[in-house]
Every structure is written in C-alpha cells, then in structure tokens.
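We count ligands from 1, going down the list as the structure has it; atoms in each ligand are counted the same way. Throughout, numbering of the chain's residues begins at 1 and tracks the sequence.
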Amino acid sequence: MIRRTAPPNLMVVFGASGDLAKRKLLPALFHLHQQQLLHEGFVVLGYARTRMTDEEFRQQIREALLEHLAEEQSAPFDEGLWGNFSKRLFYQTGGYDDHSSFEALAQRIAELDAKFPTKGNHIFYLATPPNVFESITTLLAEVGLANSPCGGWTRLIVEKPFGHDLESAQKLNDHLLKLFREEQVYRIDHYLGKETVQNILVFRFGNGIFEPIWNRNYVDHVQITVAESLGVGSRGGYYDKSGAIRDMVQNHMMQLVALTAMEPPVAYDAESVRNQKVNVLRSIRPIDPLEVNKWVVRAQYSRGMVGGREIPGYLETEGIPPDSTTETYVAWKLEIDNWRWNGVPFYIRTGKALPVKVTDINIMFRRPPLMYFNSRETRSQRVHNSLTLRIQPDESIILRFDAKRPGPQLDVEQVSMDFSYSRAFGDASISDAYERLLLDAMLGDSTLFIRRDETELAWDRVTNVLDGWAIQEELLRRRGKKLTLPQYPAGTWGPLEADDLLARDGHQWLESMLNEGR
Ligand code: NDP
C-alpha cells in the first residue's frame, strides 16, 4: 500500500468560528496530524468576523476536540500531539466583503508562508453560509490570491449548498470559473468521503461476480433510502428554506444513484470516474413539471414518537411558519434511459423523523421464472432476492436469499449473509469523511469531488421537480386555495402516497416486504 501523505500547504478556513469548522474540519485535520499524514509545512489560518486571537482560536478548537473525543469515546487526549498541532493554528479576524480585510489576509498569508515551509501552496475552504461565497472569492482574486503569489498551487474547496436551483448553481459556477480554473475548484459532498460510498465502486468493479448481474437483465428495481431519525430540531429556520430535495436529493442521493448506476470507468482517476457519473445523471429522464405527482411524493412529519421520544410536528416547530410547504420527506421514481438500466426504476426517498437513521442502497433482483417453493403464497410473490449496501450506520453489505427451513415441511424462508465493516476491520476502521476529502484536496485528487457538469445536471433534474411544485402552488393560489402537504407521523416510514408510488408498479419498500415475508 502506498502511504499518501499531504504536501506542504497553508489552509485558510473561512467561517472558522462556525459549527462545521469546529465539529468536522479541525477534528479531521487533527486526526490526519495524529496519523502523521500532514507535512511539517502544514498550517491552518482560521478566518471569520468574530474577534479572536490565535490563542483564543486554539482554545476553541481544543475544546471542540475534547468534546469530539468524548462523543467518540476514543483514546485520551494526547497533550503532546495537541501541542505540536496547535502551533500550526492561526486566526485572522475580518469581514467577507471588505477589501482591506482581504489585504490584511494576504499580508498574513505572506508572513506564514515565510515562517513555515508551505511552498506557497494554498487551500481556501469556504465553510461559511453560501451568501458570502461570491464576495469571498471575488476579494481573493482582487488581492491576488486566486493564484499563489510565490509559485505554489491554489485550490478552493466549496461547501454545500451549491446553489438552490439550476440557475443559481450555474451563476455560481460562472462566477467561480471566471476567477479560478475548474481543476482548482473542489465542490465538496461529504457523502463521497464515506468509506462505504467509496466501497460501492470497489464492490462493483473490484470483484468479478457482481457486475455481470448488475443490469436490467437481472435487476428488477433499485431502492435508495437516506433516513434520518431526528426532526429539524433547532435548525428549523435554515431547513425551511431548503427542504429534503435540496438538502439531500440534489447532492448526496444523486451521487448515490450515479455510483450505483455508472458504467465502469476506463481508469480510476478523477476525469474517468466523473465522466461516467455524468453519463448517468444525463440519462436520468427529466420529468415534465406538469406530471410531477406521477413521479414524486413530498410530505411533512406530524407529531409522533421516534426511539421513545416525542417529536413535535414540523409545522409546530419553532421557527417554522405554520403554513410552510417545505417538504421533510421526498420519494421519487427515477427512470434511467440507457442500455443498462432501461425499464429498471430507481426509487429514492429521504426523510426526517423516520423510525431509524440509515442509508441503504437496495438492489432488488428479479424473481425466478417459476416459483416452485411457494409455501407462503403472498410472501414468495413479493419477496425479491436483494443486496443491500448499507452506507451508515453499521456499515455492511447484506445479501438476502431464500433457504429451506429445516424440518419435514418444504418451508422456505428468507435468510441473509452479512458482511460487517466493524467485524471485518475493527471498530476504528471507519474514518471521518472529511479526513479523506481534506487529504485528497491537499494531494490534488478531485475524484471524490463534484465537477461542474455533475452539479448542474443534478440541479437540472431537481429543478424540474421544484418547477412542478411551484406550478401546483400557483394554480391553487389562483383558486384561492393553499397547498397542504401529506403528513406522516414522526417515527413512521413516510406517507401512504410513497407506498402507492411503488404499489403502482407492483413493488413495496424493502422494510414492508421483509415484514410481510416474516
Ligand atoms: P455556521 O452558520 O456555523 O457559519 C459558519 C460561520 O460563518 C459562522 O461562525 C459565522 O462566522 C459566519 N456566518 C454565519 N452566518 C453568516 C452570514 N449570514 N453571513 C456571513 N457569515 C456568516 O455554518 P456551519 O459551520 O454549520 O456551515 C458552514 C457551511 O458548511 C455551510 O455552507 C453549510 O451548509 C455547510 N455544511 C455544514 C455542515 C455542518 O455539519 N455544520 C455539514 C455540511 C455542510 P463569523 O460571524 O465569525 O464571521
């Protein structure tokens, strides 16, 4: 195995006073440092409006790390390691839209480049809300930081959300690509940093046994579920402007679809992998906005119990307008018009306040042509052999098939073969997604980052749905009526409409099928 260690670089984190920086980015960097994957010429410069000294910033990060370690219940805090890491942390107070702050930033970067062997390599990480992405990048270019002044490389990592519809995503891309080259821009989707998401490609293309059956000849349909058990909690104000389709489907779920459905790339490199993902996204049949209800179901959770705790309904939550039409659940039947998948529906769904937190890709295989062992009629009619790629939690791969139950009767039952990451590789085997992605960005490997065309194609398909919903609301408004979304009690698997979406094709969501099969 080749050990990948980062080259020297200075990473500026915009929004360094925020949640993402404290909870994810700095812990991931600390962990990379712990594994000796960072260069001695690696430096972090936090940047935000909140006034702080270097020392106060270090203190904040130290507290965040302690909290993180306590949550993870990992090894005791290593003071020596922290001492060494904290020497590389600096902080600069400044605005996101004033020139003088950025001149001061450029000055500070020059000082740090002189003090540490960074080789003039710079990464700018936009970890702020997106309303300041444009001004930050404009000012970076204005003060000459879009290309390293001293001969190193410069990269820009852009957090989600990348736009809120096709037009705004295109506008942001146009803006960024006036100032930076595409190969400098790393659009992050942290799902791609997850071990199990990367394993989709290893599973499919590193083995000879699955790929031959990974197509319309053997696969009946595909179900992808990203279930969250929490409600919106205190983030209601933010969530209400976004909703499930923007927050989850446009980015994470479209990526899962692309990785599940893509053709083998000619090589495992950034352009080849992304070319194949783009081909899938392009093959997703655009829906006619006027037919949105035929393909997509949306809903909101109402009051209910999840894991023994009562969750107030979405519309009862503080910060949510009582007449909000923002969806907390969406299910979508996608058709992929290519040779491999034609006629194989991909049903994808995501929701908040569902019974469990789980992300699964379920490949549902065709049934045998004759059902001889039909001891329980209804069950055998409905239960497919299935392969589940469980992305989180309990990262695993589960193959379900029928077996004869021991005994004098010919009784058939579905059983499973499970591969569990933690059993195979130990509990500590799953590293945080950000760790992998930050290391990749330092190494200049953009395979697991989103290219411009991927973002825009995913937005294009999602924007058709958003347009359809906007038309519905407008038609109701003209008739003096208001839209109310279907409701599902918190702690259930979503609205009945989502079951109907599959029932129309003679299918069921996997958990109903398994329950019925018992
Ligand atoms: P925060 O709301 O914590 O914002 C980060 C920092 O940006 C704040 O500390 C604040 O710093 C500054 N800021 C906040 N609001 C504004 C505003 N309206 N205008 C300008 N600056 C503002 O966000 P997060 O850290 O949670 O997220 C940062 C980015 O990462 C977002 O784009 C988010 O969507 C994305 N993200 C976050 C995840 C998470 O788990 N938190 C997960 C995935 C993506 P100051 O006032 O000091 O300048």
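- Neither side chain, Asp165 nor Thr463, offers a donor N or O lying under 3.5 Å from an acceptor on the other.
- The nearest protein atom to atom 40 (O) of ligand 1, hydrogens excluded, is given as Arg23 NH2, 2.7 Å; this is a heavy-atom distance.
- Judged purely by atom type and a 3.5 angstrom limit, Lys22 uses its side chain to pair as donor or acceptor with the backbone of Ser17.
- Taking the six-membered ring where tryptophan is involved, the planes of Phe57 and Tyr91 are tilted, since the angle between them lies from 30° to 60°.
- Among all protein heavy atoms, the one lying closest to atom 11 (O) of ligand 1 is Ser17 OG, 2.9 Å.
- Listed by atom number, the atoms of ligand 1 under 4.0 Å from Lys160 heavy atoms are 31 (C), 32 (O), 33 (C), 34 (O), 35 (C), 44 (C).
- Protein heavy atom nearest atom 36 (N) of ligand 1, with residue, atom name and distance: Glu159 OE1, 3.7 Å.
- In this structure, the separation between CZ on Phe42 and CE on Met11 is 4.5 Å, given to the nearest 0.5 Å.
- The residue Phe162 has no part lying near ligand 1, judged by heavy-atom distances below 4.0 Å.
- Ligand-side atoms of ligand 1 in range of Ala127: 5 (C), 28 (C), 29 (C), range being under 4.0 angstrom from any heavy atom.
- When non-hydrogen atoms are compared, ligand 1 lies under 4.0 Å from the side chain of Asn131 (C-beta onward) but not from its backbone.
- Using bins of under 30°, 30° to 60° and over 60° for the plane-to-plane angle, the ring pair Tyr239/Tyr314 lands in the perpendicular bin.
- Considering only non-hydrogen protein atoms, atom 31 (C) of ligand 1 sits nearest to Thr128 O, 3.4 Å.
- For the pair Lys115 and Val43, the minimum side-chain heavy-atom distance is 4.5 Å or more.
- For atom 12 (C) of ligand 1, the closest heavy atom belonging to the protein is Tyr96 OH, 3.7 Å.
- Numbered from 1 in the order shown, with element, the atoms of ligand 1 that lie under 4.0 Å from a heavy atom of Thr50 read 45 (P), 46 (O), 47 (O).
- Remark: distances from the non-hydrogen atoms of Lys24 to ligand 1 are all 4.0 Å or more.
- Protein heavy atoms all stay at least 4.0 Å away from atom 23 (O) of ligand 1.
- The shortest distance between side-chain heavy atoms of Gln250 and Pro161 does not fall below 4.5 Å.
- Here atom 2 (O) of ligand 1 lies nearest to Pro129 when heavy atoms of Gly18, Gly46, Pro129, Ala21 are compared.
- The parts of Arg49 lying near ligand 1 are both backbone and side chain, judged by heavy-atom distances below 4.0 Å.
- The shortest separation from a heavy atom of Lys22 to ligand 1 is not under 4.0 Å, leaving the residue out of contact.
- Salt bridge Arg303/Glu316: present, at least one basic N to carboxylate O contact under 4.0 Å.
- Taking the six-membered ring where the residue is Trp, Phe124 and His122 present perpendicular rings, their angle passing 60° and hence far from 30°.
- Counting only heavy atoms from C-beta outward, the side chains of Trp509 and Asn362 never approach each other to under 4.5 Å.
- Two residues are said to be in side-chain contact when any heavy atoms from C-beta on lie closer than 4.5 Å; Arg4 and Asp445 meet this criterion.
- Neither the backbone nor the side chain of Phe14 has a heavy atom within less than 4.0 Å of ligand 1.
- Taking the side chain as every heavy atom from C-beta outward, Phe14 and Thr137 never approach each other to under 4.5 Å.
- Among protein heavy atoms, the minimum distance from atom 42 (C) of ligand 1 is reached at Leu20 CD1, 3.8 Å.
- Shown in contact with Gly15 at under 4.0 Å from a heavy atom are these atoms of ligand 1, numbered in order with element: 5 (C), 6 (C), 7 (O).
- Among Glu40, Met442, His39, the one residue that satisfies the side chain to side chain contact (heavy atoms under 4.5 Å, CB included) test with Pro8 is His39.
- Using a 4.0 Å cut-off to heavy atoms of Asp19, the atoms of ligand 1 that qualify are 3 (O), 25 (O), 26 (O), 39 (C), 40 (O), 41 (N).
- Contacts with ligand 1 closer than 4.0 Å are made by heavy atoms of both the backbone and the side chain of Ala48.
- Interface atoms of ligand 1 facing Tyr434, defined by a heavy-atom separation under 4.0 Å, are 43 (C).
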